[in-house]
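Worksheet for the structure shown next.
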There are 2 protein chains.
Amino acid sequence: MAIASIKEVAKLASVSVGTVSNVLNRPDAVSPATRERVLNAMNELGFVRNESARALRSGRTRTMGLVVLDVTNPFFTDVAKGVEAVAADNGMIVTLCNSDQDGPREHRYLRHLEEQRVQGILITPVERENERLEQIIERGTPVVLLDHRATRRNRCSVAVDDVLGGRLATEHLLGQGHRRLGFVGGSWSISQVAERHKGAVQAVEAAAAAASRPGSRETESAEASRAGGSAAACGTGGSAEAPSLTLIDVPSLSFASGRHAAERLAAMPGPDRPTALFCANDLLALGLMHGLTAAGLRIPDDVALIGYDDIDYAAAAAVPLSSIRQPRAELGRVAAELLLEEIDEGERHRHRQVLFDPELVVRASSGRR
Amino acid sequence: MAIASIKEVAKLASVSVGTVSNVLNRPDAVSPATRERVLNAMNELGFVRNESARALRSGRTRTMGLVVLDVTNPFFTDVAKGVEAVAADNGMIVTLCNSDQDGPREHRYLRHLEEQRVQGILITPVERENERLEQIIERGTPVVLLDHRATRRNRCSVAVDDVLGGRLATEHLLGQGHRRLGFVGGSWSISQVAERHKGAVQAVEAAAAAASRPGSRETESAEASRAGGSAAACGTGGSAEAPSLTLIDVPSLSFASGRHAAERLAAMPGPDRPTALFCANDLLALGLMHGLTAAGLRIPDDVALIGYDDIDYAAAAAVPLSSIRQPRAELGRVAAELLLEEIDEGERHRHRQVLFDPELVVRASSGRR
DNA sequence: CGAAGCGGCTGAAACGTTTCACAACCAGTT
DNA sequence: AACTGGTTGTGAAACGTTTCAGCCGCTTCG
């Protein structure tokens, strides 16, 4: 029942435990003959190294922790794949934890990871401020923030510029001639949501400013200046209105939330309803699409839709979904590399903040009006 | 840098290490006064229990391993959630490993899990026969097979009846009047694929047998007998043909594979092309939908489609996708419970094979012709 | 011929816990 | 006063590794 230990292997092979340990860790420090003998003994006994003992004595594990907000979200699974690939290349394995956007849960996992003495932690935190995480860093475990910009310079982070992403999406909708925009989001404690919203606000304000001084040269962006052009040509009216951004609050960034929000939107009188929605998330957008369609609204004719993340299914949706694409696996890879770097370099590590640019992907759901 | 040990806590609180260990593990075996003193010392030093030492000494970890074929597949993430919920309720955490349908990778993860001395392993194996897994079981680590029926009675398994699922899907397509059916699948070493195919073959053969003795009472199933009825009524021709099942082989059960397969199918002359496709997987079906639509074929008019798994996005697809639904989170929960049971009971555990029934979900992609 | 160097191996200490036998004390009973 | 029993606490042994000083026998060099 109990698995054989190094000691029994040593006895069977008539060597000392030190030698057995050597064939495990420094195989060429032992002569081929004895090495063979030891390996045979191991096979015969079905020896499996005890990682706990090894970790205890050597003081280092071969594990890194990855804490994500939602394992069900393809964004995070792609990131996880990137992380895992790098980890595997360096002989490490990753313990994947799902905080499910729940603070106490996250807390529990962090404690467990620290007790396991993982070499480092990659995390998308639920809350911006996190005492536990702070302590973990103080006690010396490297932490890399994932998809979350480090505000202070005291740690590494890998993120995509969400403000830029929000601006891209919104400028695109404005460029399609929309003026009554809506931002659908929730879980505001998640910084990505707030930042995407911020980008949307920036884009709308810029457009409003440009509209209020009609003769002035627009410098915002190519997309924004195209907005002016198409508005003039489009003539559906409304383009002359000052652009507005309604906030549609949802409890979570899920498919179900989107469907519920759709019911509320469908119940609004047409003239109040935004003609274009920017969703904080593709899942949300897909739920919205489903709900709006069920309520008899056409996409993009009645309501244009753009999501965020460009998950695989975005292209396969009822109306192919426009979205903002993030380099997901890349994000995971770079994060893991940064973590490994910090683990290696220890004290003399210089923290870095890597920021990727997102990319606008236009599909039918936000097609020209 | 180094985290404080129990010894330093003991010194600061002026107690023995045994007492510190007691406040950790049997808090009410120590008087409130000293307990308080010890807790304060822990706080002051930022003590974090060393799980390696604990595991080494006590001989038990608080971890179970979960090895899945693809973390990117919503089926497995839902299962994982179920597992995790049960684990958390019992104070355990789960190490999630992604074999990516790769044998050597799976092997590496299994070795790691055994070295970690996990309390038990939940796994959907890549190959039916798996020597490593066999050894692990022999050495005493409980293993529960997930989504994979145990052939021998020597272990627990939790699965959904894939043969039944295959039959349900196929009988449904036959019931819609289709006669030239196709089964799209790959990775045949995965038993689910083979079993779904087997169910499809059974349904087709039953229908063929029924057709060849026209006057006989059909006893196959309600769905199958409706097939005969609708065939007579439908009159699109072809219903009188003997039903056939073409095998369309794909390299993997992914969205991309589906798109490639769609190109091959679109290139076939119309009369040869199946009028209805049963896909081993929703991802595959969605890829197929995307590819077929891009090639100008209409769904379900030119080709009817049914997938398997009923992932969230199935309902949100361009044409809402018919599918076979499995009780996913339930699967994970029951599997984890079975594992915990086996961990508890040890030697005197009686292995059980739990089999869930899948459910047919009809949507537009396989609508009546 | 003695010293130095080297490859191969040994033996024991150490890592941070848990566990367990037992000591110390106090209260209550005879 | 001598037991009994219960509650708190102690101290040391163990868990299975890694690591390291050092030993042995052999070759090489001066």
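What's counted below: heavy atoms across the whole structure, side chains too, no hydrogens, waters or symmetry copies. Throughout, a chain's letter reflects where its sequence line sits, starting with A, and its residues are numbered from 1.
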Exercise for review: Would you kindly give the CZ-to-C1' distance between A/Arg35 and C/dC9, to the nearest whole Å?
Suggested key: 14 Å

Check your understanding: Taking atom C1' of C/dT17 as reference, at what distance in whole Å does atom CG of B/Asn25 sit?
Key -> 9 Å

Review point. Just checking, is any N or O donor in the side chain of A/Asn73 or A/Thr77 under 3.5 Å from an acceptor N or O on the other one?
Key: no

**Study point:** Enclosure of B/Lys81 NZ (heavy-atom neighbours >12, cutoff 6.0 Å)
**Key:** yes

Check your understanding: Given atom CG of B/Leu24 and atom C1' of D/dG9, what is their separation to the nearest angstrom?
Key -> 16 Å

**Study point:** Rounded interatomic separation in angstrom, taking CZ from A/Arg26 and P from C/dG7
**Key:** 14 Å

Review point. Could you state the CZ-P distance from A/Arg49 to D/dG16, rounded to the nearest angstrom?
Key: 15 Å

Review point. What is the distance from CG of A/Asn22 to P of D/dT19, rounded to the nearest Å?
Key: 10 Å

Study note, to complete from the structure: On DNA chain D, more 5' by nearest nucleotide between A/Arg54 and B/Val30 is B/Val30

Exercise for review: Report yes or no: do A/Ser252 and A/Ser254 form a side-chain donor-acceptor pair below 3.5 Å?
Suggested key: yes

Exercise for review: Return the 5'-most residue of the pair A/Ile6, B/Pro32 with respect to DNA chain D, ranking by each residue's nearest nucleotide.
Suggested key: B/Pro32

Review point. Is it the case that more than 12 heavy atoms not belonging to B/Arg352 sit under 6.0 Å from its CZ atom?
Key: no

**Study point:** Whole-Å distance separating the CG atom of B/Asn50 from the C1' atom of C/dA14
**Key:** 14 Å

Review point. Does the base of C/dT17 carry an N or O that pairs as donor and acceptor with the side chain of B/Arg57 under 3.5 Å?
Key: no

Check your understanding: With respect to the phosphate group of C/dC9, does any side-chain polar atom (N or O) of A/Thr34 fall under 4.0 Å of OP1 or OP2?
Key -> yes

Review point. For A/Ser5, which contact category applies under a 4.0 Å heavy-atom criterion: base, sugar-phosphate, or nothing?
Key: sugar-phosphate

Practice item. Have a look at A/Val15 and say if it touches a base, only the backbone sugar-phosphate, or nothing, with a 4.0 Å heavy-atom cut-off. Key: sugar-phosphate

Study note, to complete from the structure: Whole-Å distance, A/Lys11 NZ to C/dC9 P, equals 20 Å

Exercise for review: Answer with base, sugar-phosphate or nothing: what part of the nucleic acid does B/Thr19 contact at a heavy-atom distance below 4.0 Å?
Suggested key: base

Study note, to complete from the structure: Side-chain atoms of B/Ser16 come closest, of D/dT19, D/dG11, D/dT17, to D/dG11

Practice item. Select base, sugar-phosphate, or nothing to describe what B/Ser52 touches, counting heavy atoms under 4.0 Å on all strands. Key: nothing

Check your understanding: Side chains of B/Arg62 and B/Asn90: is there a donor and an acceptor less than 3.5 Å apart?
Key -> no

Exercise for review: Measure from the side-chain heavy atoms of B/Leu56 and tell me the nearest of C/dA12, C/dG16, C/dT19.
Suggested key: C/dG16

Review point. What is the nucleic acid contact for A/Ser31, judged by heavy atoms within less than 4.0 Å: base, sugar-phosphate only, or nothing?
Key: sugar-phosphate

